[in-house]
Amino acid sequence: MNPLDEKAIRASFVNCSKGEAGRLHLPRDLAERPWPDLDFLGWCDPGAPDRAYLVAERAGRPTGVVLRAPQHRNRSFTKTTLCNLCLTGHPSSGAALLAAPKAGPAGRQGNTVGAYMCADLACSLYVRGKRDPGRSRYEESLTEEQRIARLLANLESFLTQVTAG
């Protein structure tokens with residue numbers, strides 16, 4: 001992913017108002033992010049634990065979506081949760097159900113699209129083996145490039161659902 005600045009990130013959001021995009025909290029460490037290893041920029045709002053944000057490149061332009069997490073997350077020490085984007089298994093609450101309001105009139109009517117995602121939105125680092133999910137990884141016969149392609153396809157499917165009228 002190409003590095004993004006604050007202006008590009010704020011202008012990229014498709015499922016919130018310009019005012020809300022202007023008020024959201026951006027990560028403080030934008031310059032230090034491992035941009036070459038990122039397929040999308042994702043972060044949780046430190047001031048609002050039920051909010052997260054995701055910005056991905058689509059058709060050469062950044063597309064951002066606001067995500068909402070449930071206030072109460074069930075924690076199980078025996079269950080594994082699976083991210084729908086990168087298919088990384090996480091112990092306990094390492095993956096969370098995140099819901100994105102749909103873009104346009106459907107979103108203003110309250111329609112959302114949900115998916116289980118890595119709670120820290122670090123899918124790109126998990127598929128590259130640069131972050132450990134805290135549990136032994138599932139054995140896969142896919143190469144790293146194939147896992148990245150799968151992540152990108154799953155991300156594109158999610159974003160298509162969010163932006164579909």
Side-chain angles (χ1 to χ4, degrees), residues 1-70 82-88 90 94-131 133 142 144-165:
M1 177 170 198
N2 294 318
L4 299 171
D5 63 11
E6 178 180 344
K7 184 178 178 183
I9 293 170
R10 290 189 189 284
S12 72
F13 285 91
V14 297
N15 67 342
C16 69
S17 69
K18 288 183 181 182
E20 186 179 353
R23 291 186 303 271
L24 61 86
H25 295 100
L26 295 178
R28 293 184 182 143
D29 63 345
L30 277 178
E32 291 83 40
R33 293 282 170 136
W35 293 102
D37 292 327
L38 296 181
D39 301 301
F40 64 88
L41 173 65
W43 73 98
C44 298
D45 190 328
D50 63 332
R51 290 185 181 202
Y53 309 98
L54 185 151
V55 180
E57 289 180 359
R58 295 180 80 205
R61 295 182 26 218
T63 299
V65 294
V66 174
L67 303 166
R68 304 265 190 253
L82 192 68
C83 172
N84 293 142
L85 298 182
C86 65
L87 301 185
T88 297
H90 292 276
L97 178 62
L98 298 176
K102 291 190 74 142
R108 287 189 290 278
Q109 293 176 354
N111 296 328
T112 61
V113 177
Y116 279 92
M117 296 182 199
C118 296
D120 59 3
L121 295 170
C123 299
S124 301
L125 302 178
Y126 290 119
V127 298
R128 288 170 174 80
K130 297 189 180 222
R131 185 166 286 180
L142 299 178
E144 181 177 300
E145 291 77 23
Q146 291 169 323
R147 290 191 308 269
I148 292 168
R150 178 181 62 198
L151 165 62
L152 291 172
N154 292 340
L155 177 62
E156 180 60 27
S157 175
F158 176 75
L159 292 174
T160 297
Q161 290 176 48
V162 172
T163 57

Distance from [X] atom [atom1] to [Y] atom [atom2], nearest 0.5 Å?
{"X": "L87", "Y": "C118", "atom1": "CG", "atom2": "SG", "result": "9.5 Å"}
{"X": "D5", "Y": "L26", "atom1": "CG", "atom2": "CG", "result": "10.0 Å"}
{"X": "L54", "Y": "L85", "atom1": "CG", "atom2": "CG", "result": "7.5 Å"}
{"X": "R147", "Y": "S124", "atom1": "CZ", "atom2": "OG", "result": "12.5 Å"}
{"X": "T112", "Y": "L98", "atom1": "OG1", "atom2": "CG", "result": "11.5 Å"}
{"X": "L41", "Y": "N2", "atom1": "CG", "atom2": "CG", "result": "12.5 Å"}

Under 3.5 Å: donor-acceptor pair, side chain of [X], backbone of [Y]:
{"X": "S157", "Y": "A153", "result": "no"}
{"X": "N15", "Y": "V66", "result": "yes"}
{"X": "S12", "Y": "I9", "result": "yes"}
{"X": "R128", "Y": "D37", "result": "yes"}

*asked:* Check the orientation of Y53 and W43. Use parallel for under 30°, tilted for 30 to 60°, and perpendicular for over 60°.
replied: tilted

*Go through L159 and V14 one step at a time and tell me if the side chain to side chain contact (heavy atoms under 4.5 Å, CB included) criterion holds.*
CA-CA 10 Å; L159 292 174; V14 297; over 6 Å; no

*Quick one: list whatever passes side-chain hydrogen bond (donor to acceptor under 3.5 Å, both in side chains) with R108, sequence neighbours left out.*
none

Work out which heavy atom in [X] is nearest to a heavy atom in [Y]; give both atom names and the distance.
{"X": "V55", "Y": "P62", "result": "CG1-CB, 3.9 Å"}
{"X": "R10", "Y": "R23", "result": "NH1-N, 4.0 Å"}
{"X": "A164", "Y": "K102", "result": "O-CE, 3.4 Å"}
{"X": "F40", "Y": "L155", "result": "CD2-CD2, 3.7 Å"}
{"X": "P34", "Y": "L125", "result": "CG-CD2, 4.2 Å"}
{"X": "M117", "Y": "C83", "result": "CA-SG, 3.6 Å"}

*Got a sec, which residues hit salt bridge (Lys or Arg N to Asp or Glu O under 4.0 Å) with D29, two or more places apart in sequence or on another chain?*
R33

_Under the criterion side chain to side chain contact (heavy atoms under 4.5 Å, CB included), I'd like the reasoning laid out for F158 against V113: C-alpha separation, chi angles, the key distance, then a yes or no._
CA-CA 8 Å; F158 176 75; V113 177; 3.8 Å; yes

*Run the numbers on T88 and R131 for side chain to side chain contact (heavy atoms under 4.5 Å, CB included), then give the verdict.*
CA-CA 11 Å; T88 297; R131 185 166 286 180; over 6 Å; no

